Amino acid sequence: MQNQYRLGIDAGGTFTDFILADRSGGVRIFKALSTPQDPTRAIQNGLALIEEETGITPREIVSNADLCINGTTVGLNALIQHKGARTGLIATAGHQDSIEIRLGHKEDGYRYDPDYPPARMLVPRYLRRGVRERVLSTGTVHSALNEEDVREACRHFLAEGVESVAISFVWSVLHPAHERRAGEIVREMMPGVRLTLGSALYPQVREYTRTSTAIVNAYLAPILAGYVEKVDGYFQSLGARAPVRYFQSNGGLALGRVVSDQSVYAINSGPASAPQAALYLGEPWGMEDIITVDMGGTSFDITLTRNGRANVSKDIDFLRYRIGIPMIQVETLGAGGGSIGWIDEIGLLQMGPQSAGSEPGPACYDQGGEQPTTTDANLVLGYLNPDGLVGGRLPLNVGKARRAIETHLAAPLGISVEKAAHGMFTIVNNNMVNAIRRVSVERGYDPRDFVLNCAGGATAAHITALAREMGIRKVLISKLASGLCAFGQIISDVKYNYMAPAPVRLEGAEAAAKLDALFKELEAKGRTDLAGDGFGAERVSVLRSLDMRYVGQVHECTVSVEPFEVTEAALERLKAAFHARHEELYTYSEPGSVVEVVNVESALTGAVDKPARMTIAPGLGSHAALAGTREMIFAADGTHQDTPVYEGAKLGAGDRILGPAVIQEVTTTIVIEPGWTAELDPTGVYVLTLAEAEPAVAEAAAAQTEDA
């Protein structure tokens, strides 16, 4: 860090998290309720809260910060709610319906379900215009661009009030001149609209993916551009010395102008920073295989790192829309603290995906919510402090939580409120476990080989139950867990992805020369862009990837490699990497078959100075942090158990706690189920370990409870 502070902001569905790091190694977390109608208001409220608690004004923080970083759900929310810009599409004549044809099938998982409804089109049929032009798969022009068709499309769009335009032509990645000329005409006739060229945004082979990605980008661009303008303006008014950085779905930072033009990269920017934070936390123990789970107020997000690298996906269906650009692989489930409990048509208890969000919120928030939620269940089970959350800033009403569960669940099911609450807790846990299996077991990973890392304000109340169910015996919970994604942002680097089509078989010197030239061209552009951002050559790193397949295959798989000169002899290295990846994914490979490349990509990263690691002073023993006991429920029969409660702020490095117990941090509550041991590390991380069922452990836990 070059200046006094670094500020990370992560806007979630219920809370907006703030991480403030200073040059001495101090790191503090703050939370403010999100304001979906005006996300910038939550930023102002959060900075006001920081001033109230620390005495440091927003101007002092921002004007003395080397980086102010913002992760936002603005794009994601606009896509979920279908509240993006009025968008028009200009496509090659005859191909304007490719986004509706969707490769001839529905998304995976619903391909053969006749009752699954079609996706809602972001560009309705009357705003799609075909223009006469045609480029062949060789890159040669078959038919010149008919400019009058483009002008007619613009006149139609103007009459319909279109705010953003996407242009995507067939084989434009091999001959982008037609798209560029069409873009010039659009800028001439519609100077106020946002413009997205498919060949510039996603220069890869696959027409449907390219068109869909361009449409999503165009749909979100005006929303993100307006948001960036407001946030940048606000920080500039506070005397910001450096431009605000925005977190991208690819796991890196970018300037606001990049996010405005390439808005599709900001869709899942919040949870995408979790893998970076997880690896940072696990570094002192050499942990590189980590599953991170993030339970907020609205959703539950899962990311996975294997051998120190996060899983990255391309060409996926996200919220039913095909997106080609690389994104940190995030499995998202409608399970959060605000998830609503309900009874289905056959009388079974269900949880979510409906959420009470932040407005009105769970019934216990006493803000008008009447439906029973996960948070209400945790309060009734005794896990949450009845005096309130966020250090008492968010009071909780136990009576309203019980009444909501009684009215909507317990009474209709003929059970006690306590049993209903434990049932809610169990079901939401099972939903989350199933989602964890989707990113681990279903992708060939044994979750027992991983550490489970806790993120999000609501996760720590469920983390030991999730780990036990998955067979995971070690859990990491940072003191910053409830704002871990914001923390991940302040330790992340600037990252840009550069792509190019490369339809070539891995045979001969000519193929090697073509690939080598493509990579060097992409990386030269990346180094120039990063130099413009202030990064010297010594701070730039490169990771290459190639979309490859056996000749005759329909789909390709992505293979990541370190940079090296691609000579004819080096082609064997690429083939070997592809065979290994193919076998890893599909359990077999064909070393005797010809391999071909479809697309290439270079990811360039500019390394940012990291803030000093948090340090915790040695503790005086867990007894010094004991705040008392509280009746809690850990069994399905609803029986209470007097359980010790510890104040996290009074625990020091080396302090150990045996479950059952609860640790109350200011912004999260850690529930340690029976059989687990928690120890606070000097780095500010609680390391939880599941012990064997030994009599000594059980006796120690009983003695701790009696002493409490």
Side-chain angles (χ1 to χ4, degrees), residues 72-91 95-96 98-100 102 119-124 127-129 153 157 162-169 172-173 176 179-180 182-183 186-187 190 192-229 246-250 252 254-269 272 313-328 495-500 599 601:
T72 177
T73 57
V74 168
L76 177 64
N77 292 339
L79 195 59
I80 290 173
Q81 300 170 25
H82 293 108
K83 292 184 177 179
R86 194 173 182 81
T87 303
L89 170 67
I90 298 177
H95 289 257
Q96 56 266 48
S98 66
I99 61 168
E100 207 145 7
R102 296 164 65 83
R120 177 175 171 178
M121 293 294 101
L122 302 181
V123 180
L127 291 180
R128 299 178 223 148
R129 281 291 185 265
F157 291 161
V162 164
E163 304 166 273
S164 191
V165 174
I167 301 176
S168 181
F169 293 157
S172 59
V173 290
E179 278 192 11
R180 291 172 183 164
V186 171
R187 289 193 179 95
M190 307 177 69
V193 304
R194 304 292 301 187
L195 178 64
T196 299
L197 301 184
S199 60
L201 175 69
Y202 182 69
Q204 303 268 263
V205 173
R206 290 201 177 279
E207 179 214 350
Y208 165 61
T209 299
R210 187 170 61 256
T211 302
S212 179
T213 304
I215 286 172
V216 172
N217 191 80
Y219 187 73
L220 299 178
I223 307 296
L224 265 298
Y227 176 77
V228 165
E229 183 179 358
Y246 294 84
F247 204 80
Q248 305 176 98
S249 302
N250 66 359
L255 293 171
R257 57 176 173 76
V258 176
V259 172
S260 296
D261 291 337
Q262 300 181 4
S263 299
V264 68
Y265 276 91
I267 286 178
N268 222 19
S269 74
S313 296
K314 298 192 334 182
D315 195 16
I316 61 169
D317 291 313
F318 183 82
L319 295 174
R320 307 203 65 189
Y321 301 105
R322 180 62 59 92
I323 295 176
I325 57 102
M327 301 170 65
I328 297 293
K495 183 179 180 181
Y496 297 129
N497 295 81
Y498 302 86
M499 305 174 232
N599 301 303
E601 176 185 339

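Count residues from 1 along the sequence. Just so you know, these numbers come straight off a predicted model, no measurement behind them.
In this structure, Arg194 and Asp261 have side chains that are in contact, with non-hydrogen atoms separated by less than 4.5 Å. The side-chain heavy atoms of Leu122 and Leu79, taken from C-beta on, include a pair separated by under 4.5 Å. Under the 4.5 Å side-chain criterion, counting only non-hydrogen atoms from C-beta, Leu76 is in contact with Phe318. Using a 4.5 Å heavy-atom cutoff, the side chains of Arg128 and Met121 are in contact. Two residues are said to be in side-chain contact when any heavy atoms from C-beta on lie closer than 4.5 Å; Ser260 and Leu224 fail this criterion. Contact check for His95 versus Thr211: no side-chain heavy atoms found under the 4.5 Å cut-off. Between Phe157 and Val193 the shortest side-chain heavy-atom distance does not fall below 4.5 Å. Here the side chains of Gln96 and Val123 are not in contact, with every heavy-atom distance at 4.5 Å or above.
One distance of note links CD1 of Ile323 with CD1 of Ile316; it measures 6.5 Å at 0.5 Å rounding. How far CG of Asn217 is from CD1 of Ile325: 9.0 Å, rounded to the nearest 0.5 Å. Atom CG in Asn77 sits 9.5 Å away from atom NZ in Lys83 (nearest 0.5 Å). The distance from atom CD1 of Ile328 to atom CG of Asn268, rounded to the nearest 0.5 Å, is 10.0 Å. Interatomic distance, Leu201 CG to Ile167 CD1, rounded to the nearest 0.5 Å: 12.5 Å. Taken to the nearest 0.5 Å, the OH atom of Tyr208 stands 9.0 Å off from the CG atom of Asp315.
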Practice item. Evaluate the criterion side-chain contact (heavy atoms from CB on, under 4.5 Å) for residue pair Gln204 and Val173; output intermediate values, then yes/no. Key: CA-CA 6 Å; Gln204 303 268 263; Val173 290; 5.6 Å; no
Review point. Can Phe169 and Ile90 be said to form a side-chain contact (heavy atoms from CB on, under 4.5 Å), step by step?
Key: CA-CA 8 Å; Phe169 293 157; Ile90 298 177; 3.9 Å; yes
Check your understanding: Given Ile267 and Val216, is the side-chain contact (heavy atoms from CB on, under 4.5 Å) satisfied, shown in steps?
Key -> CA-CA 10 Å; Ile267 286 178; Val216 172; 3.7 Å; yes
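Judged by distance alone, the side chain of Tyr202 and the main-chain N or O of Met499 form no donor-acceptor pair under 3.5 Å. The main-chain N or O of Tyr265 is found under 3.5 Å from a side-chain atom of Ser249 such that the two form a donor-acceptor pair. In this structure, Ser164 contributes its side chain and Ala218 its backbone to a donor-acceptor pair below 3.5 Å. At distances below 3.5 Å, not a single donor-acceptor pair connects side-chain atoms of Arg320 with backbone N or O atoms of Arg120. Using a distance-only test at 3.5 Å, with no hydrogens or angles considered, a donor-acceptor pair links the side chain of Glu179 to the main chain of Ser199. Distance alone, capped at 3.5 Å, is enough to place a donor-acceptor pair between the Thr213 side chain and the Thr209 backbone.
Looking at every heavy atom in both residues, Val162 comes nearest to Met190 through O-CE, 4.1 Å. Closest approach of Val259 and Ala254 over heavy atoms only: CG2-CB, 4.4 Å.
A side-chain contact (heavy atoms from CB on, under 4.5 Å) with Asn250 holds for exactly one of Lys495, Lys314, Met327; it is Lys495.
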